[in-house]
Amino acid sequence: MEIKKALIAAAIVWTLGVTAYILSDFVKIVDNPDLQANVVLTLALIPSAILGTKFYYKNGAHTNGFKLGVFMFLIAICLDAIITVPVFIIPAGGDHHSFFSDPGLWFIGLEYILVVGIYAAFRLKS
């Protein structure tokens with residue numbers, strides 16, 4: 001695995017995801033803002049993860065896509081722990097425990113890994 005490229009790819013996806021999550025606050029569609037933010041993030045994650053994966057494989061890397069997806073998700077978790085939670089979640093009344101024990105986070109993580117893995121499988125196959 002090309003660690004530097006994987007870190008950059010993960011940072012790209014994380015940045016786009018956090019941006020989508022935050023922007024979801026500006027348009028009220030449903031009464032539950034947490035649900036709305038998770039739905040927006042779930043939808044925004046698909047093109048974001050594809051973009052990050054394209055960046056990683058741009059110059060011919062051959063890493064297993066599911067391993068790459070797990071690595072990228074772990075980087076996102078670390079960035080969430082040191083940036084997202086202290087800057088956005090704690091001021092809104094949450095904490096690390098509530099953030100990381102939310103089943104929505106783990107659903108989104110599974111989606112992230114699957115999108116990266118499936119996209120990589122199709123890209124490497126062709």
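- The two residues T19 and T15 make their nearest non-hydrogen contact at OG1-O, 2.7 Å.
- Under the side chain to side chain donor-acceptor pair (under 3.5 Å) criterion, T63 pairs with Y56, not counting sequence neighbours.
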Enumerate, atom names and distances included, each donor-acceptor pair closer than 3.5 Å involving a side-chain atom of residues 37-54, sequence neighbours excluded.
from, atom 1, to, atom 2, distance (Å)
T42, OG1, N38, O, 2.7
S48, OG, A44, O, 2.8
T53, OG1, A49, O, 2.6

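- Distance check: F88 CZ to I22 CD1 gives 3.0 Å after rounding to the nearest 0.5 Å.
- Applying the under-4.5 Å side-chain rule to Ile, Leu, Val, Met, Phe, Trp and Tyr, the cluster around I29 extends to V27, V30.
- Under the side chain to side chain donor-acceptor pair (under 3.5 Å) criterion, D95 pairs with S98, not counting sequence neighbours.
- Looking at residues two or more places apart in sequence or on another chain, you find no side-chain contact (heavy atoms from CB on, under 4.5 Å) involving D25.
- In terms of the side-chain contact (heavy atoms from CB on, under 4.5 Å) criterion, residue partners of N59 (sequence neighbours excluded) are, by chain and number, K5.
- Note: the hydrophobic cluster containing V13 does not contain Y119 (ILVMFWY, side chain heavy atoms under 4.5 Å, direct or indirect links).
- Grouping the Ile, Leu, Val, Met, Phe, Trp and Tyr side chains by contacts below 4.5 angstrom, directly or via other members, places L7 with V70.
- Minimum heavy-atom separation, L35 to N32: N-OD1, 3.1 Å.
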For residues 102-117, which side-chain N or O atoms pair as donor and acceptor with protein atoms under 3.5 Å away, sequence neighbours left out?
from, atom 1, to, atom 2, distance (Å)
D102, OD1, G104, N, 2.9
W106, NE1, F100, O, 2.7

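- Nearest heavy-atom pair across A6 and M1 is CB-SD, 4.1 Å.
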Please list every donor-acceptor pair under 3.5 Å in which a side-chain atom of residues 74-87 meets a protein atom from a residue at least two apart or in another chain.
from, atom 1, to, atom 2, distance (Å)
D80, OD1, W14, NE1, 2.8
D80, OD1, T84, OG1, 2.8
T84, OG1, W14, NE1, 3.4

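- Hydrophobic cluster membership differs between I12 and Y21, with clusters built from Ile, Leu, Val, Met, Phe, Trp and Tyr side chains linked at under 4.5 angstrom.
- For K58 against R123, the heavy-atom pair with the smallest separation is CA-NH2, 4.1 Å.
- The ring-ring contact (aromatic ring centres under 6.0 Å, His included) search around F71 returns none, not counting sequence neighbours.
- For the salt bridge (charged side-chain N to carboxylate O under 4.0 Å, His left out) test, residues two or more places apart in sequence or in another chain that qualify with K28 are D31.
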